[in-house]
Amino acid sequence: MTQQITFLGLGAMGSALARAALDARLDVTVWNRTPERAEPLVAVGATAAADSTAAIAAADLVVICLLDYPAVRAVLDAAGASLSGKTILNLTNGTPEQARGLAAWAEAEGAAYLDGGIMATPPMIGQAETLILTSGSATAHATAHDALKSFGSSRYLGGDPGHAALYDLALLTAMYGMFGGYLHGTALLRADGIAAEGFVELVQPWLTAMQASLPEMARQIDHGDHGRNVGSNLAMQAAAYVNLIDASRARKLSTDLVEPLQRLLLKAVATGRGDHDIASMAELIPLD
Ligand code: FVH
């Protein structure tokens with residue numbers, strides 16, 4: 001029998017996921033708290049469920065993409081539908097602890113649980129290179145194969161249902177660090193009348209060149225090997241960083257985005273890491 005897939009949550013991402021599944025000619029039922037959001041999907045072949053209980057009852061595979069975990073629990077609790085024998089693929093952003101908690105709850109209800117992290121924006125869903133991270137039940141991963149394939153590429157990270165969320169948050173942390181630095185850089189330029197658009201041709205190759213150092217940084221972090229400095233020691237970087245702060249203040253810019261890193265840099269120098277590379281600062285992040 002054809003697999004029945006229900007999508008709970010038709011926000012920007014849930015709608016993109018359901019549309020990709022429809023494009024792949026999968027059998028799709030949809031439900032959303034605000035029912036009007038189902039209409040564009042019904043127009044292209046989805047079945048709208050009357051309520052969340054019916055939506056879950058119709059499904060072999062329940063794909064959940066809601067704002068947050070409290071919304072997920074609210075929807076599942078209100079539905080009160082039996083989850084026994086169902087497979088849940090939860091693509092809602094959350095913490096590893098939330099994912100593990102929901103997995104334990106779902107498994108106690110008789111469902112197979114796969115957690116996921118979407119490393120994409122809604123317009124990217126359906127493209128082959130779009131990455132979805134998953135972890136949790138291997139059986140659920142196999143059941144979700146066709147749906148995941150319709151969304152893009154997926155990477156299964158093993159049986160711990162918290163790992164997809166953990167990698168997701170680690171990747172988002174790296175992304176926000178980059179965007180935060182980029183926003184502050186554009187503010188420095190714009191304060192002197194230089195458009196952000198004029199910065200693009202310089203900042204993109206610069207960030208590409210800098211990210212080439214990530215493998216060596218990873219090696220130093222994993223091995224605690226900070227002795228082999230490659231010419232950009234932390235004492236030098238702390239001295240240069242002061243200029244970035246001073247230039248920001250001179251232009252009456254907030255230093256909220258850049259001061260936390262300066263604090264860590266100064267702490268690194270104060271704790272004897274002045275002749276180390278920047279990877280050495282990773283040692284200062286754990287609080288105990
Ligand atoms: N959009 C993105 O770029 C990112 C990409 C990476 C993954 N995230 C995560 O995906 C989850 C959903 O995000 P979204 O973009 O679809 O978010 P919204 O468009 O704001 O839609 C939110 C949906 O959640 C429903 N909802 C919210 N609260 C409740 C509730 N208490 N009970 C039932 N449903 C609820 C909301 O319903 P409605 O407002 O239309 O009635 C939408 O369906 C999210 O975890 C991202 O972090 C997206």
Side-chain angles (χ1 to χ4, degrees), residues 5-22 28-43 46-56 59 62-81 83 88-103 105-106 113-127 129-136 144 147-148 150-155 157 161-180 182-183:
I5 308 175
T6 281
F7 288 82
L8 299 180
L10 302 174
M13 185 53 82
S15 292
L17 296 169
R19 191 171 286 271
L22 288 163
V28 170
T29 295
V30 291
W31 175 86
N32 193 61
R33 177 180 63 177
T34 307
E36 295 74 38
R37 293 183 99 163
E39 287 166 10
L41 294 160
V42 170
T47 301
D51 52 37
S52 55
T53 311
I56 293 171
V62 182
V63 179
I64 305 174
C65 190
L66 295 166
L67 183 64
D68 53 21
Y69 271 70
V72 174
R73 284 308 297 263
V75 167
L76 293 178
D77 288 344
L83 289 168
I88 294 175
L89 169 57
N90 180 28
L91 297 172
T92 304
N93 186 273
T95 66
E97 290 70 30
Q98 286 175 318
R100 288 174 188 140
L102 189 63
W105 176 84
Y113 183 88
L114 187 67
D115 203 81
I118 303 173
M119 307 320 302
T121 57
M124 295 161 69
I125 298 300
Q127 297 171 19
E129 62 277 14
T130 291
L131 177 63
I132 314 279
L133 303 172
T134 64
S135 69
L148 286 167
S150 75
F151 306 152
S153 301
S154 66
R155 175 126 173 225
L157 298 166
H163 276 178
L166 187 63
Y167 275 89
D168 184 344
L169 295 179
L171 289 167
L172 288 179
T173 303
M175 177 193 81
Y176 282 121
M178 179 187 75
F179 284 151
Y182 172 71
L183 290 174

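Not measured: the values here are computed from a predicted model. Whatever order the structure lists them in is the order used to number ligands and atoms, beginning at 1.
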To check your reading of the model: name the closest protein heavy atom to [atom], its residue, and the distance in Å.
atom: atom 37 (O) of ligand 1; answer: N32 OD1, 3.7 Å
atom: atom 14 (P) of ligand 1; answer: M13 N, 3.7 Å
atom: atom 21 (O) of ligand 1; answer: G11 CA, 3.3 Å
atom: atom 17 (O) of ligand 1; answer: A12 N, 4.5 Å
atom: atom 2 (C) of ligand 1; answer: P122 CD, 3.7 Å
atom: atom 6 (C) of ligand 1; answer: I118 O, 3.3 Å
atom: atom 5 (C) of ligand 1; answer: A120 O, 3.0 Å
atom: atom 26 (N) of ligand 1; answer: R33 NH2, 4.0 Å

Atom of [X], atom of [Y] and distance for their closest heavy-atom approach:
X: L22; Y: A46; result: CD2-N, 3.7 Å
X: A99; Y: P161; result: CB-O, 3.4 Å
X: L114; Y: G136; result: CD1-N, 4.0 Å
X: G117; Y: A164; result: N-CB, 4.2 Å
X: A147; Y: I5; result: CB-CD1, 4.1 Å
X: L67; Y: A71; result: N-CB, 4.5 Å

- Message: Can you tell me which portion of M119 lies within the under-4.0 Å heavy-atom range of ligand 1? Options are side chain, backbone, both, or neither.
- Response: neither

- Answer yes or no: does an N/O atom from D68 fall short of 3.5 Å to an N/O atom of ligand 1?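 No: no nitrogen or oxygen of D68 is under 3.5 Å from one in ligand 1.
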
- Min N/O separation W31 to ligand 1 under 3.5 Å: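 It does not: no N or O of W31 is found under 3.5 Å from an N or O of ligand 1.
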
- Quick one: does atom 41 (O) of ligand 1 have a protein heavy atom under 4.0 Å from it?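 Under the 4.0 Å cut-off, atom 41 (O) of ligand 1 does have protein heavy-atom neighbours.
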
Please could you name the atoms of ligand 1 that [X] approaches to less than 4.0 Å, counting only its heavy atoms?
X: L10; answer: 43 (O)
X: C65; answer: 10 (O), 11 (C), 12 (C)
X: V75; answer: 32 (N), 33 (C)
X: T92; answer: 45 (O)
X: G9; answer: 43 (O)

- Message: Could you measure the distance from the CG atom of L148 to the CG atom of L89? Nearest 0.5 Å is fine.
- Response: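 It comes to 5.5 Å.
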
- Message: Which residues pass the side-chain contact (heavy atoms from CB on, under 4.5 Å) test with T130, not counting sequence neighbours?
- Response: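 Applying side-chain contact (heavy atoms from CB on, under 4.5 Å) to T130 gives A120, M124, I125, Q127.
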
- Atom OH of Y167: over 12 foreign heavy atoms under 6.0 Å: no

- Examine ligand 1 and decide if any of its atoms is less than 4.0 Å from a heavy atom belonging to G117. no

Are [X] and [Y] side-chain neighbours, meaning at least one heavy-atom pair lies under 4.5 Å?
X: L133; Y: H163; answer: no
X: D77; Y: W105; answer: yes
X: N90; Y: Y69; answer: yes

- Message: Given N93, L66, D168, L67, identify the one with the heavy atom nearest to atom 11 (C) of ligand 1.
- Response: L66

